[in-house]
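Quick notes on the structure that follows.
Worth knowing before you read on, the calculation uses all heavy atoms, side chains too, and leaves out hydrogens, waters and symmetry mates. First the proteins, then the strands, lettered A, B, ... as listed; each starts at 1.
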Amino acid sequence: MTRLNSLLAFRFVLLVLLQVLVMNNIHFLGYLNPNLYLLFVFLYPLKEKNTTFLWVCFLLGLSIDFFSNSGGINAAATVCIAYVRLKVLKVILNRKDLDLKLFQLRSESLMSILLFVGTLTFLHHFIVFSLEYYSWKNADTILNKTWTTSIFTLFLCVLSIYLFGKKKTFNF
Amino acid sequence: MQQLVSFIEKHKFVLLFILLEVLAFLFTIQSKSYHKSQFINSANSITGGLFKNYNSFFTFTSLKSENDRLHLENTLLRNALDVKSDEVVSLQKDSTSQKYTYIAAKIIRNSYAHRNNVLTIDKGSKDGLTIDMGVVNSESIIGIVNNVSENYATALSILNEKCNINARLKNSSYFGSLGWDGKNHKIAQLYDIQRQAPLKIGDTIVSGSRSMLFPDGIEIGTVSSFEADSKKYKNIQIRLATDMSNVGHVYVVKNRDKNEIKQLEKNND
């Protein structure tokens, strides 16, 4: 295993444990649990049409589902944002000479990080809560939970990107 | 053939995406049906073991309230024993006359903020648990066992749309079924109760005798509000007797006559 792969494996395990043992027990205001494990999707190295990335994200979502007894809800949502990640990033940065290998989320402006992480988080949470409630009768609950939880997740993720997404050591 | 291969090669990213999404949806749909052995659940040794270790590490934080609850239950049982002391002395000690047996267990993972909440229990088939057993604590009904592995089990919490429990008014025999609308973990709803039933705010709701999973008369909660028109009751809100965000030690109820009753009902069909 290369250094990069072992780092990614370590990050995978750490985020899953953090999610199921800490984040899922927060219950802020009685019901808010941030999904910090999405950090893995945001920080995974960029590459055009990376099938390995889709598989890894599927496994990530499924691991969370195993612990939360939620079928395949998190897997579906995580695979979906993994699929659109690069497209969203390109639209937000709107840069022609985007070098995927040297790209580093941490060195982008705060505005584009917020937009990038925010869009994907909102999409992910919307899918999760739609599948969880599974009926239009609960549309208000779905939207309410989606945006409140998204803000919580967004805040934690951006904070973690600034705290742990090191600028020079690794090329992300 | 070659065209097909080149097509797959060209679109493998999109195709894999669709495949994984379909797979995830299948798991999701499967988890929504009650009577199906589910593949994705936390009653396996990895997730169960992790939750158990984690839980044993943090047990001390709830020791005080758990002690208080046990103390209260002991007082209740002592009082009940005293009232019936003459009966108890003359009672024949014969375990076959006992209809329900209880297995002590512990909830190692609680969940109450989702639409469909599932609890993980630290006892499994090795301890005699099977699916469709009731789970209660000293105060109230907690849920129904729906998946069992060797050492662990999962139970549908009463805060789950698949968990419909037969419930009745304590003072009369009118019954309905208990459900949850997914909004507040302290409030559940009572459905399908007849209009003739005398319903008042503050009435106690207990488990009904039609349920084979629970003994008759275990408290569920009290009526906190309802609406009524000439034909039926609407929006009956039940304030649950137990705080579902804080459950620890529970009892799994085994109905010894369940198979016999099921066999009888099967013969009628």
Side-chain angles (χ1 to χ4, degrees), chain A residues 16-17 20-22 24-33 47-59 61-84 86 127-135 137-138 140-142 144-145 149, chain B residues 10-33 36 38-44 46-48 50-51 53-55 57-58 109-120 146-147 154-157 160-161 181-186 245-246:
Chain A
V16 169
L17 290 181
V20 297
L21 296 181
V22 183
N24 283 353
N25 293 320
I26 287 185
H27 295 299
F28 183 61
L29 299 176
Y31 66 96
L32 284 183
N33 291 332
K47 197 177 145 195
E48 286 281 355
K49 308 208 165 171
N50 190 349
T51 45
T52 323
F53 177 51
L54 278 189
W55 274 114
V56 172
C57 285
F58 180 72
L59 287 180
L62 210 59
S63 318
I64 305 292
D65 283 325
F66 260 111
F67 283 100
S68 8
N69 293 300
S70 47
I73 290 175
N74 285 293
T78 313
V79 169
C80 184
I81 63 163
Y83 180 73
V84 298
L86 196 56
I127 297 171
V128 164
F129 290 119
S130 302
L131 287 178
E132 191 178 317
Y133 281 84
Y134 217 61
S135 93
K137 261 197 297 188
N138 294 312
D140 54 332
T141 320
I142 293 173
N144 191 15
K145 274 199 164 181
T149 315
Chain B
K10 200 175 161 192
H11 297 282
K12 70 174 178 197
F13 189 60
V14 186
L15 290 174
L16 181 68
F17 167 66
I18 295 168
L19 176 84
L20 292 179
E21 285 291 348
V22 169
L23 222 72
F25 273 104
L26 284 180
F27 288 145
T28 308
I29 290 164
Q30 199 197 26
S31 79
K32 299 226 176 248
S33 70
K36 218 172 225 180
Q38 287 157 22
F39 172 56
I40 312 288
N41 67 66
S42 63
N44 59 58
I46 300 171
T47 53
L50 188 69
F51 280 138
N53 284 330
Y54 181 76
N55 189 272
F57 191 69
F58 283 100
R109 182 182 179 272
N110 188 14
S111 143
Y112 57 91
H114 294 284
R115 174 67 190 93
N116 293 309
N117 296 290
V118 179
L119 316 163
T120 312
N146 74 328
N147 269 311
T154 58
L156 301 175
S157 153
N160 190 314
E161 67 180 342
D181 64 0
K183 294 204 166 95
N184 185 340
H185 69 267
K186 288 176 181 151
S245 66
N246 179 24

- Query: Which pair of non-hydrogen atoms, one from A:Ile73 and one from B:Thr28, has the smallest distance, and what is that distance?
  - Reply: N-OG1, 3.5 Å
- Kindly say whether B:Phe13 contributes a backbone atom to a donor-acceptor pair with the side chain of A:Thr51 at under 3.5 angstrom? no
- Taking all non-hydrogen atoms of both residues, which atom of B:Tyr54 and which atom of A:Leu21 are closest, and how far apart? OH-O, 2.6 Å
- Note on the structure: Of all heavy-atom pairs linking B:His114 and A:Lys145, the shortest is CA-NZ, 4.4 Å
- Note on the structure: Heaviest contributor of heavy-atom pairs below 4.5 Å to chain A, chosen from B:Val14, B:Leu16, B:Asn184, B:Val118, is B:Leu16
- Task: Please look at A:Asn74 and chain B and tell me whether the side chain, the backbone, both or neither of the residue comes under 4.5 angstrom of a heavy atom of that chain.
- Result: neither
- Which value, rounded to the nearest 0.5 Å, describes the distance between B:Lys183 atom NZ and A:Tyr31 atom OH? 12.5 Å
- Message: If the condition is salt bridge (charged side-chain N to carboxylate O under 4.0 Å, His left out), which residues does B:Lys12 pass it with, not counting sequence neighbours?
- Response: B:Glu9
- Item | Between CG on residue A:Asn24 and CG on residue B:Asn110, distance to nearest 0.5 Å | 12.0 Å
- B:Asn117, B:Asn116, B:Leu50: which one forms the most heavy-atom pairs within less than 4.5 Å of chain A? B:Leu50
- Note on the structure: When the 4.5 angstrom heavy-atom criterion is applied to B:Ser111 and chain A, the contacting part is neither
- Task: Might you point out which heavy atoms bring B:Asp181 and A:Asn138 nearest each other, and give the distance in Å?
- Result: O-OD1, 4.4 Å
- How are the rings of B:Phe51 and A:Phe67 set to each other: parallel, tilted or perpendicular (split at 30° and 60°)? perpendicular
- Item | Engaged part of B:Val22 at the chain A interface, taking heavy atoms whose separation is under 4.5 Å | neither
- Item | Contacting moiety of B:Ser245, where chain A heavy atoms sit under 4.5 Å | neither
- Task: Compare all side-chain heavy atoms of B:Phe27 with those of A:Leu62 and state whether any distance is below 4.5 angstrom.
- Result: yes
- Considering residues, nucleotides and ligands other than B:Leu26, do more than 12 of their heavy atoms fall under 6.0 Å from its CG? yes
- Go through the structure and list residues passing salt bridge (charged side-chain N to carboxylate O under 4.0 Å, His left out) with B:Glu21, not counting sequence neighbours. none
- Task: Identify the two heavy atoms, one from B:Phe17 and one from A:Cys80, that lie closest to each other, and give their separation to 0.1 Å.
- Result: CE1-CA, 3.7 Å
- Message: Does any backbone or side-chain atom of A:Leu17 lie under 4.5 Å from a heavy atom of chain B? Answer side chain, backbone, both or neither.
- Response: side chain
- Item | Toward chain B, the part of A:Tyr134 with a non-hydrogen atom under 4.5 Å | side chain
- Query: For A:Ser70, is it the side chain, the backbone, both or neither that has a heavy atom under 4.5 Å from a heavy atom of chain B?
  - Reply: backbone
- Task: Test B:Arg115 against A:Thr141 for side-chain contact (heavy atoms from CB on, under 4.5 Å), laying out the working first.
- Result: CA-CA 10 Å; B:Arg115 174 67 190 93; A:Thr141 320; over 6 Å; no
- Task: Could you grab the distance from atom OG1 of B:Thr47 to atom CG of A:Asp65, nearest 0.5 Å is fine?
- Result: 12.0 Å
- With a 4.5 Å heavy-atom cut-off, do B:Leu23 and A:Phe58 have their side chains touching? yes
- Query: Can you tell if the side chain of B:Tyr112 reaches within under 4.5 Å of the side chain of A:His27, non-hydrogen atoms only?
  - Reply: yes
